[in-house]
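Not measured: the values here are computed from a predicted model. Numbered from 1 within each chain, the chains take letters A, B, ... in sequence-line order.
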Protein chains: 2
Amino acid sequence: MASKNLPRPTDAELEILNVLWQRGPSTVREVYEVLLESKEIGYTTVLKLMQIMSEKGLVSRDESDRRHVYEAERAQDETQRQLLSDLLDRAFNGSPTKLVMQALSSKKASREELAEIRRMLDELEKGKK
Amino acid sequence: MASKNLPRPTDAELEILNVLWQRGPSTVREVYEVLLESKEIGYTTVLKLMQIMSEKGLVSRDESDRRHVYEAERAQDETQRQLLSDLLDRAFNGSPTKLVMQALSSKKASREELAEIRRMLDELEKGKK
DNA sequence: TACTGTCAACGAAAATCTTCGTAGTCAATC
DNA sequence: GATTGACTACGAAGATTTTCGTTGACAGTA
């Protein structure tokens with residue numbers, strides 16, 4: 001079975017994961033190219049980070065080709081939930097309601113988005129019946 | 001006016017802020033006592049952290065008494081929004097809806113809590129009219 | 001075969017975060 | 001005024017995170 005207890009990715013690691021989730025399995029150079037568009041960073045910096053992430057288990061590595069291909073080990077959804085759960089404990093006393101309320105109040109969601117959230121609420125309440 | 005760009009508190013700093021928000025202005029020893037209940041930590045460690053937080057502007061310090069009294073500089077609500085906004089950018093591509101949906105799906109809120117969120121949605125939609 | 005470009009590995013430096021030991025200050029008490 | 005206890009300041013060590021320079025391996029090409 002897959003080992004579960006992956007560490008919380010750091011800021012720099014999360015930037016790399018974002019690229020991997022967007023592109024799918026990628027080489028270091030490909031990730032590097034994408035990151036270059038939004039920030040200044042060295043190739044070896046990205047390489048080192050991805051090697052560390054591989055050691056941590058955050059990504060898996062296919063070494064069959066000389067250009068190693070990296071892939072996120074945990075899906076974006078799972079990681080998002082991990083980060084939220086973590087933030088919940090650290091800053092919201094474990095109250096998901098408070099978190100959701102703050103998220104809703106601070107950021108403006110469009111009417112359609114609000115409707116979508118409302119549908120989700122309906123689903124949840126149905127599940128509680 | 002109050003300076004605004006406070007840094008994102010680290011994990012250890014957030015633990016201290018949680019105590020300050022709960023207790024109100026407190027001395028190092030008071031914070032230390034509370035933290036001791038849930039984890040092993042040295043007095044000087046807490047002191048040093050609070051000194052650093054004071055330098056960063058995360059807390060203010062009243063030195064009139066020999067026992068310096070520390071107070072959170074930013075309210076809990078504001079900090080929560082800061083952390084959420086940060087997480088939003090780093091892990092949710094800036095989509096608050098996705099964040100809220102994940103928060104709702106992963107953690108079970110009670111029926112009353114769901115109702116509360118629904119009321120908040122009503123408010124928001126009213127505002128959009 | 002020698003040259004050139006691309007790649008991963010390694011090590012190390014810099015920055016930040018977390019921890020605490022030691023020293024010095026001050027106030028109350030003996 | 002000497003001792004004791006509570007407090008802050010200082011400095012430093014260890015851990016983690018972020019950065020990148022250098023090296024060596026390899027593959028294609030002149």
Does A:K48 place a side-chain N or O at less than 4.0 Å from the phosphate oxygens OP1/OP2 of D:dT16?
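No, A:K48 has no side-chain N/O under 4.0 Å of OP1/OP2 on D:dT16.
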Contact under 4.0 Å: A:R61 side-chain N or O vs C:dC7 OP1/OP2:
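For A:R61, the contact criterion (side-chain N or O under 4.0 Å from OP1 or OP2 of C:dC7) is not met.
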B:E13 CD - D:dT16 P separation (whole Å)
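Result: 18 Å.
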Quick one: A:H68 NE2 to C:dT6 P, roughly how many Å, whole number?
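Rounding to the nearest Å, NE2 of A:H68 and P of C:dT6 are 17 Å apart.
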Name the closest nucleotide to the [X] side chain, picking from [options].
X: A:R66; options: D:dT8, C:dG5, D:dT18; value: C:dG5
X: A:T45; options: C:dG21, C:dC7, D:dT19; value: D:dT19
X: B:I52; options: D:dT19, D:dT18, C:dT18; value: C:dT18
X: A:T44; options: C:dC7, D:dC7, D:dG21; value: D:dG21
X: A:D11; options: D:dT18, D:dC20, C:dT19; value: D:dT18
X: B:A12; options: C:dT18, D:dT8, C:dA9; value: C:dT18
X: A:R67; options: C:dC17, D:dA6, C:dT6; value: C:dT6
X: A:I41; options: C:dA27, C:dT19, D:dC20; value: D:dC20
X: A:L49; options: D:dT19, C:dT19, D:dT8; value: D:dT19

Which part of the nucleic acid, if any, lies within contact of B:Q51, taking any heavy atom under 4.0 Å across all strands shown: a base, the sugar-phosphate backbone alone, or nothing?
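Answer is base: heavy atoms of B:Q51 come under 4.0 Å of a base.
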Using a 4.0 Å heavy-atom cut-off, does A:T10 contact any base of the nucleic acid, only the sugar-phosphate backbone, or nothing at all?
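If one applies the 4.0 Å heavy-atom cut-off, A:T10 turns out to touch the sugar-phosphate alone, with no base involved.
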With a 6.0 Å cut-off (strictly less than), is the heavy-atom count around CZ of B:R118, excluding the residue itself, greater than 12?
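Yes, because the 6.0 Å sphere around CZ of B:R118 holds more than 12 heavy atoms from other groups.
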Please check this pair: side chain of B:N93 against backbone of B:S95, looking for a donor-acceptor N/O pair closer than 3.5 Å.
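Looks like no, no N/O pair under 3.5 Å.
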